[in-house]
Structures are given as structure tokens and as C-alpha cells.
Amino acid sequence: LKAEILASVAGAENLAALEEVRIAVLGKKGRLTALMKTLGAMGPEERKAAGQALNVLKNEIAGALDARKETLARAALEERLMAEAIDVTLPPRPERQGSVHPISQTIDEVVAIFGEMGFTVAEGPEIEDDWHNFTALNIPLDHPARQELDTFYFAGPVEDRKVLRTHTSPVQIRTMVETKGPVRIIVPGRTYRCDYDATHSPMFHQVEGLLIDKTTHMGHLKGCLTDFCRAYFGIDDLPARFRPSYFPFTEPSAEMDIGCTRAGGEFKIGHGDDWMEILGCGMVNPKVLENCGIDPDVYQGFAFGMGLERIAMLKYGIPDLRTFYESDLRWLRHYGFSA
Ligand code: PHE
């Protein structure tokens, strides 16, 4: 009996099988338990001898069960460790890297180019008052730019109602009021107009430039902006021209066009085939200087403003402005803005 039981203990292949063996031997209806029950019917002498023998056997079997249990448990653990092992030498799964948004990239480029020319970055609030956004810039009350159509007005009394700035030009005013003297700033930022189609968005970005000193003239303005466009588009002989225009805050005013292509066709900007308007500019209107407490007989300078989405669209050949705000990874990858 002993040999038979020990053999079945050794033969149990796993913990569950071993438990079955234990129950079959030591359980309530187990073989050894049945033998123990026969002790009661024996005489005292016989019971003593048989009881001792059975106890020895029981201990022996229990010891074998424990030993086998430990062996099996260790084997099971070993097996699990093997199965769950992490191979630290495997190459990692590729993770897609994030990237800087194309508008931010464009701001960085523009700021770097003007930085080389000595311009520093200035910023102002996106919620402006009527005076900074319009009046100080010599935009009279009846100017079309003031119509509710274009401007997002905040609720409140008309005299001091706030607006979402319609351009970055109010930062010109804030800077001149503060410095009262020479200025050389570039102002990237968000601007707002009530307008929506493929080339307009209610929120868009502009870069403003302002230079004030005692000697600057229109020729400096043309040279500065021509240099900027050539650097930004990476075309050394990019054609540029200035057309007379009108802005209440500059006098004289101009719009700058760049050539879309060149005989030979080494480059192509935009969809036209001759000139593309790229920005507005001019010499700061003396009235604006006066509004800021600067003496126009001493100081003068130039200002310009351009749409950031517009110059990015021209550079990368993007047809729809609204796609800048959709965060579509396929779009970002297509234009090389993301890995
Ligand atoms: N503020 C003008 C606009 O939004 C652009 C501009 C800025 C023109 C500075 C001239 C000088 O259209």
C-alpha cells in the first residue's frame, strides 16, 4: 500500500492532480482514513501496534505530499517566469514624435529673419479697447473696418466697449505710448474677424512690424521687406514690387507683391502667374505718432502687417486656410510638418 501511494504522489504531474491524490488517501473517504477507522474495532494491544504503524505511514505520506507540492509549485513558477520574460534586447515599437504646429514654425522663421535685422518681439492683448484697435490708429468712426460685420464686439456701452483685436496694429500703439522714442519690434499674434471661407477664418494670425527713429524712410521699408521675402521664401532674386494703397495709420501706404514665378519657372508661388499680394505697409502716419505722444517733427518710421497663414500657404502651396486648425495628421505629414 505504501509503495503504491508514494508512486501516485510522485506521478502527480501538477498541483491539481496532487491534491486529488491527497484526498484519495487522507481525505474523509481516503484509503488511509478508512484504515484508521478500523482501529476502533481492535483489542488494546493490537490497536497500539497498528496505530503506531499507521501514524508512521501517515507522516511519511504527508511528508511526500509536501515535498512533491513544493517541487510542483517551483516548477509552475519557473514556467511562468519563462513565459513572461521580457527581452530587453528587442527593438522598441516605433513611437510617432510630436512636432511644432506649422503656424508656430512660421512665426519662428519670421521672428528669426527679422531678429537678424535687429527687431525684437512684442506682444499685446487679444481683447482690445476701441481706442487702441481703432481710434489711435486714425481709423475714424465711419471707417468700414468698424462695421459690426468685420469686428467681434463685446457687449457693453458703446463708449468703452471691448473688441477682439482685428489686427496686430494696436500693439504699435501700446509700444509707442510706452517708449515715446525709437522702436524696432515685430509682433506675431492672433487676430479676429467675422469672416469664414477657404482663405478667411474668424481667428487667424498676423505679424506686425514697427520701426521708429529719426532717419528711416520709405527706401528702408522697401529694402527691409524685400530682404525679408527673399529670406523667407529662400529665393535670392525673388521679384518684389510696391503698389500705392491706403491705410488710415500709414501715409504714404503701399501693398507689397511678390513675383509668383520667373522665366524658366524654377519656382512657383501661389496660383497666379504674375504677382501675389503679400502684405500691407507704409510710413507711420504723423497723426498716429501724435496720438501716442511722439513728436512727428522729430520721429518717423514705417510699419507693416501680414497674414501668417497667408505667407505659410504661399510657401507650402496650401490651398485652404481652414486646414491649419484641423490638426489632421495626414495633412501635417503631407506638407512635411510632422513625421
Ligand atoms: N493692419 C493692417 C491690416 O490688418 C496691415 C498693416 C499694418 C498695414 C501696418 C500697414 C501698416 O490689414
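When a ligand or atom number is given, it counts from 1 through the structure's own listing order.
- The main-chain N or O of Arg322 is never found under 3.5 Å from a side-chain atom of His200 such that the two would form a donor-acceptor pair.
- A donor-acceptor pair is defined here as one N or O able to donate and one able to accept, closer than 3.5 Å; no such pair exists between the side chain of Lys48 and the backbone of Gly43.
- Not a single donor-acceptor pair under 3.5 Å links the side chain of Thr106 to the backbone N or O of Ala312.
- Using cut-offs of 30° and 60° on the angle between ring planes, the pair Phe134 and His167 is tilted.
- Taking every heavy atom of Gly280 and a limit of under 4.0 angstrom, the matching atoms of ligand 1 come to 6 (C), 8 (C), 10 (C).
- Listed by number with element, the atoms of ligand 1 under 4.0 angstrom from any heavy atom of Ser169 are 1 (N), 7 (C).
- Atom numbering of ligand 1 starts at 1 in the shown order; those under 4.0 Å from a heavy atom of Phe304 are 7 (C), 9 (C), 11 (C).
- Applying the side chain to side chain donor-acceptor pair (under 3.5 Å) test between Ser169 and each of His132, Glu208, Gln206 identifies Glu208 as the sole match.
- In this structure, Arg193 counts as a contact residue of ligand 1, since one of its heavy atoms falls inside 4.0 Å of the ligand.
- Distances shorter than 4.0 angstrom do not occur between any heavy atom of Met306 and any atom of ligand 1.
- Among protein heavy atoms, the minimum distance from atom 5 (C) of ligand 1 is reached at Gly305 CA, 4.0 Å.
- Other residues, nucleotides and ligands contribute over 12 non-hydrogen atoms within 6.0 Å of the CZ atom of Phe154.
- Under a 3.5 Å cut-off, the side chain of Thr175 and the backbone N or O of Val171 do form a donor-acceptor pair.
- Heavy-atom proximity to atom 6 (C) of ligand 1, evaluated over Phe249, Tyr246, Phe302, is greatest for Phe249.
- The contact set between ligand 1 and His167, taken as ligand atoms under 4.0 Å from a residue heavy atom, comprises 1 (N), 4 (O).
- Counting heavy atoms closer than 4.0 Å to ligand 1, residue Ser253 contributes nothing at all.
- Residues Thr323 and Asp320 have side chains that never bring a donor and an acceptor to within less than 3.5 angstrom of each other.
- Every atom of ligand 1 with a heavy atom of Thr250 under 4.0 Å away is listed here by number and element: 11 (C).
- Within ligand 1, counting atoms from 1 as listed, the ones closer than 4.0 Å to a heavy atom of Gln206 are 3 (C), 4 (O).
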